[in-house]
Amino acid sequence: MDGTQVGRDDAPATRPAAAPANGGAGEGWPLAPGTTALSVAVPEVDAVVRGWRARYDTAARYGGVAHVTVLFPFLHRDRIGAAERAALREVFASRPAFTLTFADCARFPGVLYLVPEPAAPLRALTAEVARRWPSHPPYGGLFGELAPHLTVANSGGEGVHRRAEAHLRKHLPVTARVDLVDLVVHEEGRWLPWLDFPLGR
């Protein structure tokens, strides 16, 4: 879809959303209704990580398929009008679609994730959106330049993460085609899809 709304103009649609990496209300982020994020869904990876994410990724408890976050938090829903949608269409249309390979696991403190390669297209998307909206750096500027990642578990502890990693390595690599960036919105305690923006067209 060409940056058009999925569903009615006054309500987000109900297809699975690609939620940002760090959860919902009460999970460390002050997520007011209308908080938005930009991300790329990678359903090809979902079958591999779904069980682990459902139990140990706080974002998965609030809806959403496996994804890599492009920018969170983004503008509040009420601030995304025609001009902002046009700017997003322009940003993403200028970037080509690409293929990611998930072949390895890695860690942040307390977080197990899959490594998307190549990282450069993802970094370019994040950099361009952050350049257009400098008041909204990734993760509020808390982590500096955080590496692109697909969160598998951010709870459960080291033992769970070791078991998950051993299991996941048996099912990697997985490749995924990325040709859309999703704009998702936090409403009624869940991440829901709202708009999507094609890459390269």
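FYI, side chains are in, hydrogens and waters are out, and symmetry mates aren't considered; it's all heavy atoms of this structure. Residue numbers run from 1 in the order of the sequence given.
- Sequence neighbours left out, the pairs with a member in residues 101-113 that pass salt bridge (charged side-chain N to carboxylate O under 4.0 Å, His left out) are D104-R169, R107-E158, R107-E165.
- Here the closest non-hydrogen pair linking V49 and A66 is CG2-CB, 3.9 Å.
- In this view, R123 and A119, E145, A147, P148 satisfy the side-chain contact (heavy atoms from CB on, under 4.5 Å) rule, not counting sequence neighbours.
- Residues satisfying the ring-ring contact (aromatic ring centres under 6.0 Å, His included) criterion with H171, sequence neighbours excluded, are H167.
- Here the CG atom belonging to D78 is positioned 10.5 Å from the OG1 atom belonging to T36, to the nearest 0.5 angstrom.
- In this structure, F102 has no ring-ring contact (aromatic ring centres under 6.0 Å, His included) partners at least two apart in sequence or on a different chain.
- In this structure A93 satisfies the side-chain contact (heavy atoms from CB on, under 4.5 Å) test with no other residue, sequence neighbours excluded.
- Relative orientation of the W191 and F72 rings is perpendicular, given thresholds of 30° and 60° on the angle between their planes.
- With rounding to the nearest 0.5 Å, the separation of OG in S39 from CG in L150 is 10.5 Å.
- Within the model, atoms CG of D196 and CZ of R89 stand 11.5 Å from one another, a figure rounded to the nearest 0.5 Å.
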Evaluation steps, side-chain contact (heavy atoms from CB on, under 4.5 Å), between R79 and E84: CA-CA 8 Å; R79 295 179 56 199; E84 289 73 24; over 6 Å; no
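- The structure places CG of L122 at 9.5 Å from CD of E117, a figure rounded to the nearest 0.5 Å.
- Closest approach of R61 and R190 over heavy atoms only: O-NH1, 3.8 Å.
- Considering only heavy atoms from C-beta on, V129 stays 4.5 Å or farther from H136 through its side chain.
- Closest approach of L199 to A97, counting heavy atoms only: CB-N, 3.9 Å.
- You'll find the side chain of L183 reaches within 4.5 Å of the side chain of I80, heavy atoms only.
- By the side-chain hydrogen bond (donor to acceptor under 3.5 Å, both in side chains) test, E90 pairs with R132, sequence neighbours left out.
- Under the side-chain contact (heavy atoms from CB on, under 4.5 Å) criterion, P33 pairs with E187, sequence neighbours left out.
- Closest of all the heavy-atom pairs between G110 and H161 is O-CE1, 3.3 Å.
- Taking every heavy atom of both residues into account, P193 and V184 meet most closely at CA-CG1, 4.2 Å.
- Separation of atoms CG (L88) and CZ (F197) is listed at 4.5 Å; rounding is to 0.5 Å.
- Judged by distance alone, the side chains of D57 and T151 never bring a donor and an acceptor atom under 3.5 Å apart.
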Given T58 and N154, is the side-chain hydrogen bond (donor to acceptor under 3.5 Å, both in side chains) satisfied, shown in steps? CA-CA 7 Å; T58 51; N154 57 16; 3.0 Å; yes
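- Residues passing the side-chain contact (heavy atoms from CB on, under 4.5 Å) test with E44 are V42, V174, A176, R177, sequence neighbours excluded.
- With rounding to the nearest 0.5 Å, the separation of CG in L114 from CG in L100 is 11.5 Å.
- In terms of heavy-atom proximity, H149 sits nearest to P116 at CA-CD, 3.9 Å.
- Under a cutoff of 6.0 Å and an axis angle of 45°, R131 and W133 do not form a cation-pi pair.
- Ring geometry, H186 versus Y62: the interplanar angle falls from 30° to 60°, so the pair is classed tilted.
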